[in-house]
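The first residue of the sequence shown is numbered 1, and numbering continues consecutively from there.
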Amino acid sequence: MDHKNMLNFFIYRNNDSLIFLWCARKFRMKLIESQGKPNRFLLSLSISASTLQNVVNLTLIDLPGLTKVAVEGQPESIVQDIEAMVHSYVEKPNCIILAISPANQDIATSDAIRHCREVDPTGERTFGVLTKLDLMDKGTNALDVLEGSSYRLQHPWVGIVNRSQADINKNVDMIVARRKEREYFATSPDYGHLANKMGSEYLAKLLSKSLESVIRARIPSIISTINKSIDELESELDHLGPIIHHLGTLSCI
C-alpha cells in the first residue's frame, strides 16, 4: 500500500462493542480510478489486544467494490484485476467474509454473494450485511432478505444504516451516527421486531464471537505446527553435533 495515501482508522469502546470508523468509499474508489492500480489501495485495519482489553487480534481488509466495466483512465483489465484480488483474500480459510450489498438492489444480482458461494459454499465464513435500508423506495422494505426468505445464509443477515452524505458533510461523529442507527431500527414499523439484531454494534459483537470461534478451532492445528517446527529444529541441532567454543585473540598494530 502506498503510505502517502494511507488512511488512518480509529476505534474506541462503547458498551463493550467495537465501533469502526470507516473512511468514505468514494475516496478510496477515486484513488483507485486515478491510479488504475487497485492493489495499491487496500485499506487494512489491525486491532491488537494489547491496546484493548478482551479483544482478540484481527486484521480488517476493506476490499474495493467489484466493478463491471473500466471507466476512462483505468486499464481494460481492471474488472479482472479487482476480481482476482478480492478472490485472493476471501478464499483463505481463516478469513471471515462480510458480503455487503445495498438494500435498494436485487440481492440476486449481488457479486459479493456470488464470490462467497464460490469460496465458502457452506456459508460457514460468510456474513451478509445489508446497507442503505433508509434509502429504499417508500412502501418497500428488505424483510425478505433480512429474514432469510429470499436468500438464506448460515449466519443471519444484519442490516445497518450508515451516515448519509449530509451527515458526513456536517461532520456528524460516529457516536451520534450509531445512536441514530439504533433509533432508526427501534422506531421502524418494518424492522422494529428485528431491532435487537440489527445495526453496526450488533454486527461487531457477532463478528467478535465468530472470530473467537475460528481462533479456538484453529488452536490445535497451530499447536501441532509449532510442535512440528520444534522437533525439526531439535533434529537439525542434533545433526550439527555438540557446541564447540573457540577462543581467539585480536591484535592491533
Side-chain angles (χ1 to χ4, degrees), residues 7-23 25 28 42-63 86 89-103 112-113 115-116 119-133 142 145-148 151-163 173-186 191 193-223:
L7 303 179
N8 293 322
F9 287 83
F10 302 90
I11 57 175
Y12 53 91
R13 292 184 66 79
N14 180 29
N15 297 328
D16 292 324
S17 64
L18 286 177
I19 299 178
F20 298 92
L21 307 191
W22 297 74
C23 71
R25 181 172 293 270
R28 184 204 46 231
L42 282 180
L43 303 181
S44 176
L45 168 63
S46 293
I47 303 174
S48 172
S50 62
T51 56
L52 293 173
Q53 295 181 351
N54 303 319
V55 178
V56 292
N57 294 344
L58 63 89
T59 298
L60 172 66
I61 305 295
D62 185 15
L63 295 165
V86 168
Y89 279 90
V90 298
E91 69 178 352
K92 296 177 181 178
N94 288 346
C95 172
I96 296 175
I97 309 169
L98 286 184
I100 302 173
S101 301
I113 293 297
H115 274 274
C116 291
V119 300
D120 182 33
T122 63
E124 193 175 335
R125 301 186 288 117
T126 302
F127 287 82
V129 180
L130 213 57
T131 65
K132 301 183 180 180
L133 291 167
V145 177
L146 293 175
E147 293 180 338
Y151 188 83
R152 183 176 295 277
L153 293 173
Q154 181 170 321
H155 300 288
W157 282 86
V158 178
I160 64 173
V161 175
N162 291 319
R163 291 183 299 174
D173 66 43
M174 296 301 292
I175 294 178
V176 174
R178 294 288 73 85
R179 186 179 71 243
K180 290 174 66 176
E181 182 185 43
R182 290 194 299 272
E183 291 173 353
Y184 172 84
F185 285 112
Y191 310 119
H193 65 294
L194 298 173
N196 64 330
K197 294 184 178 180
M198 294 289 119
S200 303
E201 292 174 324
Y202 176 76
L203 177 61
K205 292 177 181 178
L206 200 63
L207 293 176
S208 181
K209 184 178 179 180
S210 177
L211 182 63
E212 183 179 348
S213 298
V214 170
I215 292 172
R216 289 181 182 276
R218 298 288 184 270
I219 285 176
S221 62
I222 292 172
I223 293 175

inquiry  = What verdict does the side-chain contact (heavy atoms from CB on, under 4.5 Å) test give for Arg163 and Arg178, after you've listed the backbone C-alpha separation in whole Å, the side-chain angles of each residue and the deciding distance to 0.1 Å?
reply    = CA-CA 9 Å; Arg163 291 183 299 174; Arg178 294 288 73 85; 5.7 Å; no

task = Could you tell me the separation between the CD1 atom of Ile96 and the CD atom of Glu124, rounded to the nearest 0.5 Å?
result = 10.5 Å

key: Sequence-distant partners of Gln154, side chain to side chain donor-acceptor pair (under 3.5 Å), two or more places apart   = none

key: Sub-4.5 Å side-chain heavy-atom contact between Tyr191 and Leu133   = yes

key: Stepwise side-chain contact (heavy atoms from CB on, under 4.5 Å) check, Leu98 with Leu207   = CA-CA 9 Å; Leu98 286 184; Leu207 293 176; 3.8 Å; yes

Salt bridge present between Glu201 and Arg182 (N-O < 4.0 angstrom) = yes

request  = Could you tell me which residues satisfy side-chain contact (heavy atoms from CB on, under 4.5 Å) with Lys197, sequence neighbours excluded, listed by chain and number?
outcome  = Tyr202

note = In short, Asn162 meets Thr131 closest at the heavy-atom pair ND2-CG2, 4.3 Å

key: side-chain contact (heavy atoms from CB on, under 4.5 Å) between Val161 and Met198, intermediate numbers included   = CA-CA 9 Å; Val161 175; Met198 294 289 119; over 6 Å; no

note = By side chain to side chain donor-acceptor pair (under 3.5 Å), Arg218 pairs with (sequence neighbours left out) Asn94

query = If you draw the axis of the six-membered ring of Tyr184, does the NZ or CZ of Lys180 fall within 45° of it and under 6.0 Å from the ring centre?
reply = no

task = Not counting sequence neighbours, which residues clear side chain to side chain donor-acceptor pair (under 3.5 Å) with Ser101? List them please.
result = Ser110

ask   = Can Glu212 and Arg216 be counted as an ion pair, charged N to O under 4.0 angstrom?
value = yes

key: Approximate separation, where rounding is to 0.5 Å, of Leu153 CG and Asp120 CG   = 9.5 Å

message = Pair Arg125, Ile97 - check side-chain contact (heavy atoms from CB on, under 4.5 Å), show working.
response = CA-CA 6 Å; Arg125 301 186 288 117; Ile97 309 169; 3.7 Å; yes

ask   = Between the side chains of Glu147 and His193, is a donor N or O closer than 3.5 angstrom to an acceptor N or O?
value = yes

task = Could I get the full list of side-chain contact (heavy atoms from CB on, under 4.5 Å) partners for Glu183, not counting sequence neighbours?
result = Arg179

request  = Mind listing the closest non-hydrogen atom pair of Phe185 and Ala195 along with its distance?
outcome  = O-CB, 3.7 Å

ask   = Side chains of Leu130 and Ile160: closer than 4.5 Å at any heavy-atom pair?
value = no

ask   = For the residue pair Ala99 and Ile113, what are the closest heavy atoms and their distance?
value = CB-CD1, 3.9 Å

query = Taking only residues two or more places apart in sequence or in another chain, which ones pass side-chain contact (heavy atoms from CB on, under 4.5 Å) with His155?
reply = Phe127

